[in-house]
Amino acid sequence: MAIEHSDEETKTALQVACDTEVSGCVFLMRTEEEDKDRLVEITRDHVRERHGKEYTRDEIEAEHVTEVEV
Ligand SMILES: [Zn+2]
């Protein structure tokens, strides 16, 4: 009798890497998909505090958040 494995579903996580032109910044963060709000918030604070740039949540979400498989 064969045992069936049903771990076929691919899980994805969300990742933000601060790979701006600013050298030396190694900010990288990865969260569960349902934590997107928190991810965007933290990233926005980071960019503002470290790089003095203002991004909207939409900008961060659209341009900097990527989906990665885990
Ligand atoms: Zn940074």
Side-chain angles (χ1 to χ4, degrees):
M1 269 178 70
I3 300 161
E4 277 193 25
H5 288 283
S6 58
D7 49 9
E8 278 292 298
E9 55 172 324
T10 25
K11 272 201 84 180
T12 55
L14 297 172
Q15 181 176 292
V16 164
C18 186
D19 52 2
T20 55
E21 65 272 22
V22 184
S23 60
C25 183
V26 291
F27 179 80
L28 181 93
M29 214 186 135
R30 188 183 282 193
T31 64
E32 303 275 309
E33 247 175 309
E34 57 261 33
D35 276 341
K36 182 151 87 178
D37 278 357
R38 204 165 59 91
L39 179 71
V40 172
E41 283 290 321
I42 291 169
T43 306
R44 199 172 62 146
D45 285 351
H46 164 83
V47 173
R48 185 172 53 218
E49 281 167 21
R50 288 297 176 95
H51 308 299
K53 287 182 181 170
E54 282 285 347
Y55 283 114
T56 65
R57 297 174 58 102
D58 286 347
E59 279 175 320
I60 289 170
E61 228 178 286
E63 291 168 31
H64 299 285
V65 177
T66 51
E67 270 188 19
V68 290
E69 278 185 28
V70 286

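Just so you know, these numbers use all the heavy atoms, side chains as well, and skip hydrogens, waters and symmetry mates. A quick note: this is a predicted structure, and the numbers were derived from the prediction, not measured.
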Q: Report yes if the side chains of C18 and R50 come closer than 4.5 Å at any heavy-atom pair, otherwise no.
A: no

Q) ring-ring contact (aromatic ring centres under 6.0 Å, His included): which pairs involve residues 24-44, sequence neighbours left out? A) F27-H46

Q.
Can you tell me how far apart CD (Q15) and OG1 (T43) are? Round to the nearest 0.5 Å.
A. 10.5 Å

Q: For residues T31 and M29, report the shortest heavy-atom separation together with the two atoms involved.
A: CG2-CE, 3.6 Å

Q: Using the test side chain to side chain contact (heavy atoms under 4.5 Å, CB included), find all partners of E63 that sit at least two apart in sequence or belong to another chain.
A: E59

Q. Going from CZ on R30 to OG1 on T66, what distance comes out if it is rounded to the nearest 0.5 angstrom?
A. 8.5 Å

(Q) Checking R57 now: which residues fulfil side chain to side chain contact (heavy atoms under 4.5 Å, CB included) with it, not counting sequence neighbours? (A) D37, V40, E41, R44

Q. Above 12 or not: heavy atoms from other molecules or residues under 6.0 Å from CD of E34?
A. yes

Q: Could you tell me which non-hydrogen atom of L14 sits nearest to which non-hydrogen atom of E67, and how far apart they are?
A: CD2-CG, 3.6 Å

Q. With sequence neighbours left out, what residues match T12 under side-chain hydrogen bond (donor to acceptor under 3.5 Å, both in side chains)?
A. E33

Q | side chain to side chain contact (heavy atoms under 4.5 Å, CB included) partners for V26, two or more places apart | A | none

Q: Return the set of residues passing side chain to side chain contact (heavy atoms under 4.5 Å, CB included) with E54 (not counting sequence neighbours), or none when no residue passes.
A: R48

